[in-house]
**Student:** 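My structure is below; once you've seen it, I'll send some questions.
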2 protein chains.
Amino acid sequence: MGKKAAIFGATLSLIAEEGLHAVTLAKILDRADVGSGTLYNYFSSKDALLYEMYLKLTEKMANYILSDYDDSVGVRLRFNQLLTRFMEYMIQNFDEQIFIEQYSYILRKSKPDDSVFNNPFRTATAQIYTEGQKQKVILNLDIPILNQIAGGIIISIVKGYKSNKYELDELTKQKILDICWNSIRA
Amino acid sequence: MGKKAAIFGATLSLIAEEGLHAVTLAKILDRADVGSGTLYNYFSSKDALLYEMYLKLTEKMANYILSDYDDSVGVRLRFNQLLTRFMEYMIQNFDEQIFIEQYSYILRKSKPDDSVFNNPFRTATAQIYTEGQKQKVILNLDIPILNQIAGGIIISIVKGYKSNKYELDELTKQKILDICWNSIRA
DNA sequence: GATAATGGATGGAACGTTCAATCCATTATG
DNA sequence: CATAATGGATTGAACGTTCCATCCATTATC
């Protein structure tokens, strides 16, 4: 495995285990089995490492969610496509979500207008909501509010699942997706 | 103002501004206008300060939400009471929520069985869900799942509002509460 | 009632530790 | 053999914590 990938992997797992504030370079280097000189060959600083990882992971997530996205079908099916993928990605890559959540909080303070926040996933869902509102099948609320509702449900449900509050079988996942749709349906 | 209150206030505002990981004792002491000796008269360590603040704020929030709670009315009205208070508290004390969210992540790692996680607010909502399920007005899902859905919507909506994604007038707040109810209604 | 003694609260200097970052000798690569 | 990659020792800065002199309200003494 490449050293850079090892550094990313070690950083991500450490943050998921101990939280962003507790992760030091020494821990990263130890877990990645890499010397500090090597790390500084790939990254100019610790901050640069975190930022690059953030860009990489947000892009990876957007790519996964939008891959094979069929935008020729109706709003209900498109909504289901995106949210199914979103939930599945969150479940299988929860460590990434933990990092993104913790780090994006820092980002908003230092780089408030970062383009990452206008990701293609949000563009796709906005399209669905606008079209759905014209067809009178989706509530007439601000698009960002609709986004927060549907996304908030998914994130919250996966968080609870990852905290071992309950199981999530396939049938329950389907019910959750239906709840997301019903919550914003006109 | 008491020195202890000044320390709490400085810590809370700093965390809301810069995130938990960036808050140092030097910054806290400077903002609270207090010497380090004073701080260590009130708290045995930085961790102890954060933990005590966490206990204080979670209790404060639970007290607010449950004050004047009328449990003699029907499930719909009780649900509305609790979630209205919850949303209002989050809106007016968002800094506290930021801290609690960031700190509870650390807590789960170091003290996974902390009793704080079984707070009276969750007990009250669980009562509502159980009763509502008997009356066939609430979806037949695990209680913790229902909790995550309704709470997730509120938290997500307030987060978006505090990120200046949209406004939240009284009418919109009412619509959000209706959405919470409809999302878990049978 | 005036003065001295007490003790807790306070702020800031000083301490050892830990951090991110740099430097450099060694190893791998082509 | 030349060049790049690597890991660990090293550095200075920043950190949490400790220590101590000072302040001040309260209490004791005469």
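Lettering follows sequence order; numbering is per chain, from 1. Both backbone and side-chain heavy atoms feed into the values below; hydrogens, waters and symmetry mates do not.
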**Student:** Tell me which residues in residues 11-21 of chain A put a heavy atom below 4.0 Å from DNA chain C, sorted by number, or none.
**Tutor:** none
**Student:** Is it true that A:R85 and A:E88 make a salt bridge, defined as a side-chain N closer than 4.0 Å to a carboxylate O?
**Tutor:**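 Here A:R85 does not pair with A:E88 in a salt bridge, since their nearest N and O are not under 4.0 Å apart.
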**Student:** Less than 6.0 Å separating the ring centroids of A:F8 and A:F99?
**Tutor:**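 That pair fails the under 6.0 Å test.
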**Student:** Any ion pair linking B:K134 and B:E131 (charged N to carboxylate O, less than 4.0 Å)?
**Tutor:** no
**Student:** Salt bridge check: are A:D33 and A:K3 linked by an N-O gap of less than 4.0 Å?
**Tutor:**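 A salt bridge is absent here (no side-chain N lies under 4.0 Å from a carboxylate O).
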**Student:** Reading DNA chain D in the 5' to 3' direction, which nucleotide is the first one with an atom under 4.0 Å from a heavy atom of chain B, and which is the last?
**Tutor:**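 Footprint of chain B along DNA chain D, 5' to 3': D:dC15 to D:dC19.
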**Student:** From CG of B:L25 over to C1' of C:dG12, roughly how many Å is that when rounded to an integer?
**Tutor:** 14 Å
**Student:** For DNA chain C, which residues of residues 36-48 of chain A approach it to below 4.0 angstrom with any heavy atom?
**Tutor:**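 The stretch gives A:S36, A:G37, A:Y40, A:S45, A:K46 as the residues lying under 4.0 Å from the strand, ordered by number.
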**Student:** Without decimals, in angstroms, what is the distance between A:K3 NZ and C:dT27 P?
**Tutor:**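 Going from A:K3 (NZ) to C:dT27 (P), I get 15 Å.
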**Student:** Are any non-hydrogen side-chain atoms of B:N147 and A:K165 less than 4.5 angstrom apart?
**Tutor:** no
**Student:** Out of curiosity, A:Y161 OH to A:I176 CD1, how far, rounded to the nearest 0.5 Å?
**Tutor:**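 Output value for this atom pair is 12.5 Å.
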**Student:** Regarding B:D30, tell me which of base, sugar-phosphate or nothing describes its non-hydrogen contacts under 4.0 Å with the strands shown.
**Tutor:** nothing
**Student:** Salt bridge check, A:K4 against A:E52: does any charged N sit closer than 4.0 Å to a carboxylate O?
**Tutor:**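 Yes.
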**Student:** Could you tell me whether A:K27 and A:E17 make a salt bridge, using a distance below 4.0 angstrom between a side-chain N and a carboxylate O?
**Tutor:** no
**Student:** What is the minimum heavy-atom distance between A:L141 and A:L146, and which atoms define it?
**Tutor:** O-CD1, 3.9 Å
**Student:** Any heavy-atom pair between the side chains of A:Y166 and B:Q148 that's under 4.5 Å?
**Tutor:**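 Result yes, sub-4.5 Å side-chain heavy-atom pair found.
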